[in-house]
A.B. asks: 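Pasting in a structure now, in structure tokens, and then I'll have a few things to ask.
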Amino acid sequence: KMSDTSTIKNISSGIKFIDPEEIIREMDIRAGMAIADLGCGTGYFSFPLAQKVGKEGTVYAIDILEPKLEVVKSQARLLGLDNIVVRRANLEMPESSKLEKESVDWAILVNMLFQNNKEGRKRIINEAKRILKKGGQILAVEWSNPNGNIGPDKNIRIPKEELVRMAHEHGLGVAKEINIGDFHYGLILAKYK
């Protein structure tokens, strides 16, 4: 997952990258919630989310790459976070997360949709929507700045307008836009029905 190598909190030049803790403060996350970190990589968001939901909550760290999941498992043990459940899944396959329908309060999609083709993106959004409770929300973060030198090729980035359109096609509304940094945009999408 690209975010693992390119989302340093702040570097000396003053360029602002993704800061999970800052983003989580913008989200309505409470103790006891269930959260699915889809495409979790090495747990960049999983760990602060697990701390936020506390022992009563659960974070499902889901990725296709077993080596990334091994890092999450060992780091969770070191941090004493036994509320992280690690699962391997190809999220382009229907119901591959193996989570129950309407079982999570939040789904996290950070820097992962652009890595899939259009059909794959649709399937991933479908899975996120399927597992969300009514009133649940999705944090979607993608690369912006199509002319920038940092990040993936501009041809595979997803413009904000396209992500909004995809959300509407899946019956999701845009609840809020959040400031992510100099290279990304963030949308909180809501499942209203």
Side-chain angles (χ1 to χ4, degrees), residues 1 3-4 7-10 16-63 68-89 91 95-113 124-142 163 167 170-181 184-193:
K1 179 170 151 177
S3 64
D4 297 329
T7 51
I8 305 160
K9 283 187 182 181
N10 289 298
K16 187 175 180 207
F17 282 91
I18 293 175
D19 180 346
E21 290 169 11
E22 187 177 303
I23 293 167
I24 291 167
R25 281 193 295 273
E26 295 266 343
M27 301 163 67
D28 181 24
I29 295 179
R30 297 178 303 281
M33 284 186 161
I35 300 176
D37 188 359
L38 304 176
C40 67
T42 56
Y44 197 64
F45 272 77
S46 299
F47 302 122
L49 287 166
Q51 291 168 333
K52 182 83 174 179
V53 298
K55 297 215 177 281
E56 315 84 48
T58 305
V59 172
Y60 297 95
I62 300 171
D63 204 286
K68 304 274 187 191
L69 295 173
E70 288 302 321
V71 170
V72 174
K73 284 181 197 172
S74 67
Q75 191 65 25
R77 274 194 301 273
L78 283 173
L79 295 171
L81 295 171
D82 55 5
N83 61 344
I84 295 179
V85 176
V86 175
R87 290 197 177 158
R88 184 177 183 280
L91 294 167
E95 300 187 24
S96 63
S97 73
K98 304 215 177 11
L99 292 173
E100 293 293 319
K101 182 178 179 181
E102 298 182 357
S103 62
V104 300
D105 300 284
W106 281 89
I108 310 299
L109 300 170
V110 175
N111 276 351
M112 60 95 61
L113 288 173
I124 291 165
I125 293 172
N126 273 338
E127 180 63 1
K129 182 181 176 187
R130 183 188 74 79
I131 63 176
L132 272 186
K133 296 175 182 176
K134 287 182 176 66
Q137 296 181 299
I138 298 171
L139 169 66
V141 175
E142 285 294 327
L163 185 54
H170 288 83
L172 299 165
V174 177
K176 183 178 178 183
E177 184 172 345
I178 54 177
N179 183 10
I180 300 295
H184 298 85
Y185 65 88
L187 298 174
I188 293 179
L189 309 174
K191 178 180 178 180
Y192 295 117
K193 47 186 168 174

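Scope of the values below: all heavy atoms of this structure, side chains included, with no hydrogens, waters or symmetry mates.
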A.B. asks: Can you tell me how far CG of Leu187 sits from CG of Leu172, rounded to the nearest 0.5 angstrom?
C.D. replies: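 Atom-to-atom, Leu172:CG and Leu187:CG are 11.0 Å apart.
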
A.B. asks: Side-chain contact, heavy-atom cut-off 4.5 Å: Tyr60 with Ile131?
C.D. replies: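 They are not in side-chain contact.
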
A.B. asks: Where do Ala140 and Leu189 come nearest, in terms of heavy atoms and distance?
C.D. replies: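 Closest approach of Ala140 to Leu189, heavy atoms only: CB-CD1, 4.4 Å.
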
A.B. asks: Hey, mind stepping through Met27 and Ile108 against side-chain contact (heavy atoms from CB on, under 4.5 Å) and telling me if it holds?
C.D. replies: CA-CA 11 Å; Met27 301 163 67; Ile108 310 299; 3.7 Å; yes

A.B. asks: Grab the two heavy atoms, one from Leu69 and one from Ile62, that are nearest each other, plus how far apart they are.
C.D. replies: CD2-C, 4.4 Å

A.B. asks: Which distance, rounded to the nearest 0.5 Å, do you find between the CD1 of Ile23 and the CD1 of Ile178?
C.D. replies: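 It is 5.5 Å, given to the nearest 0.5 Å.
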
A.B. asks: Closest heavy-atom contact between Lys129 and Ile138?
C.D. replies: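 That closest heavy-atom pairing would be N-CD1, 4.5 Å.
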
A.B. asks: Evaluate Ile125 against Leu113 for side-chain contact (heavy atoms from CB on, under 4.5 Å), listing each step before the verdict.
C.D. replies: CA-CA 9 Å; Ile125 293 172; Leu113 288 173; 4.3 Å; yes

A.B. asks: Can you confirm whether Lys176 is buried at NZ, in the sense that more than 12 heavy atoms of other residues, nucleotides or ligands lie under 6.0 Å from that atom?
C.D. replies: yes

A.B. asks: Taking Glu127 for the side chain and Glu95 for the main chain, is one N or O donor matched with an acceptor at less than 3.5 Å?
C.D. replies: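 Looks like yes, one N/O pair under 3.5 Å.
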
A.B. asks: Got a donor-acceptor contact below 3.5 angstrom from the Lys191 side chain to the Gly136 backbone?
C.D. replies: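 Side chain of Lys191 to backbone of Gly136: no pair is present.
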
A.B. asks: Can you list, pair by pair, the side-chain donor-acceptor contacts under 3.5 Å of residues 81-88, counting residues two or more places apart and other chains?
C.D. replies:
| residue | atom | partner | partner atom | Å |
| --- | --- | --- | --- | --- |
| Asn83 | ND2 | Ala50 | O | 2.9 |
| Asn83 | ND2 | Gly54 | O | 2.8 |
| Arg87 | NH1 | Ser97 | O | 3.2 |
| Arg87 | NH1 | Lys98 | O | 3.3 |
| Arg88 | NE | Ile64 | O | 2.9 |
| Arg88 | NH2 | Ile64 | O | 3.3 |

A.B. asks: List in chain and number order the residues that pass side chain to side chain contact (heavy atoms under 4.5 Å, CB included) with Ala190, two or more places apart in sequence or in another chain; answer none if no residue qualifies.
C.D. replies: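 Applying side chain to side chain contact (heavy atoms under 4.5 Å, CB included) to Ala190 gives Gln137, Ala175, Tyr192.
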
A.B. asks: Does Val104 reach the side chain of Leu132, with side-chain heavy atoms less than 4.5 Å apart?
C.D. replies: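 Yes, their side chains come closer than 4.5 Å.
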
A.B. asks: Could you pull out the closest heavy-atom pair between Leu38 and Ala128, with the gap in Å?
C.D. replies: CD1-CB, 3.9 Å

A.B. asks: State which residues pass side chain to side chain donor-acceptor pair (under 3.5 Å) with Glu56; sequence neighbours excluded, sorted by chain then number.
C.D. replies: none

A.B. asks: Kindly list each side-chain donor-acceptor pair under 3.5 angstrom involving residues 72-80, sequence neighbours excluded, with atom names and distances?
C.D. replies:
| residue | atom | partner | partner atom | Å |
| --- | --- | --- | --- | --- |
| Lys73 | NZ | Glu70 | OE2 | 3.3 |
| Ser74 | OG | Glu70 | O | 3.4 |
| Ser74 | OG | Val71 | O | 3.2 |

A.B. asks: Where do Pro48 and Ile24 come nearest, in terms of heavy atoms and distance?
C.D. replies: CB-CD1, 3.7 Å

A.B. asks: So Leu49 and Trp106, do their side chains get closer than 4.5 Å, heavy atoms only?
C.D. replies: no

A.B. asks: Tell me, please, which residues at least two apart from Glu100 pass side chain to side chain donor-acceptor pair (under 3.5 Å).
C.D. replies: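 Not a single residue meets the side chain to side chain donor-acceptor pair (under 3.5 Å) criterion with Glu100.
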
A.B. asks: With side chains defined as the heavy atoms from C-beta onward, is the minimum distance between Val110 and Leu139 less than 4.5 Å?
C.D. replies: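 Yes, at least one pair of side-chain atoms sits under 4.5 Å.
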
A.B. asks: Roughly how far, to the nearest 0.5 Å, is CE of Met112 from CG of Asp37?
C.D. replies: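 The CE atom of Met112 is 9.0 Å from CG of Asp37, to the nearest 0.5 Å.
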
A.B. asks: Please check this pair: side chain of Tyr44 against backbone of Ile18, looking for a donor-acceptor N/O pair closer than 3.5 Å.
C.D. replies: yes

A.B. asks: Any donor and acceptor pair, going by atom type alone, linking the side chain of Asp63 with main-chain N or O of Gly41 inside 3.5 Å?
C.D. replies: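 Yes, the answer is positive, given that a donor and an acceptor are paired below the 3.5 Å cut-off.
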
A.B. asks: If you take all heavy atoms of Leu99 and Arg130, which pair is closest and at what distance?
C.D. replies: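 Nearest pair, atom of Leu99 first, then Arg130: O-NH2, 2.8 Å.
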
A.B. asks: Sequence neighbours excluded, which residues qualify as side chain to side chain donor-acceptor pair (under 3.5 Å) partners of Lys133?
C.D. replies: Asp105

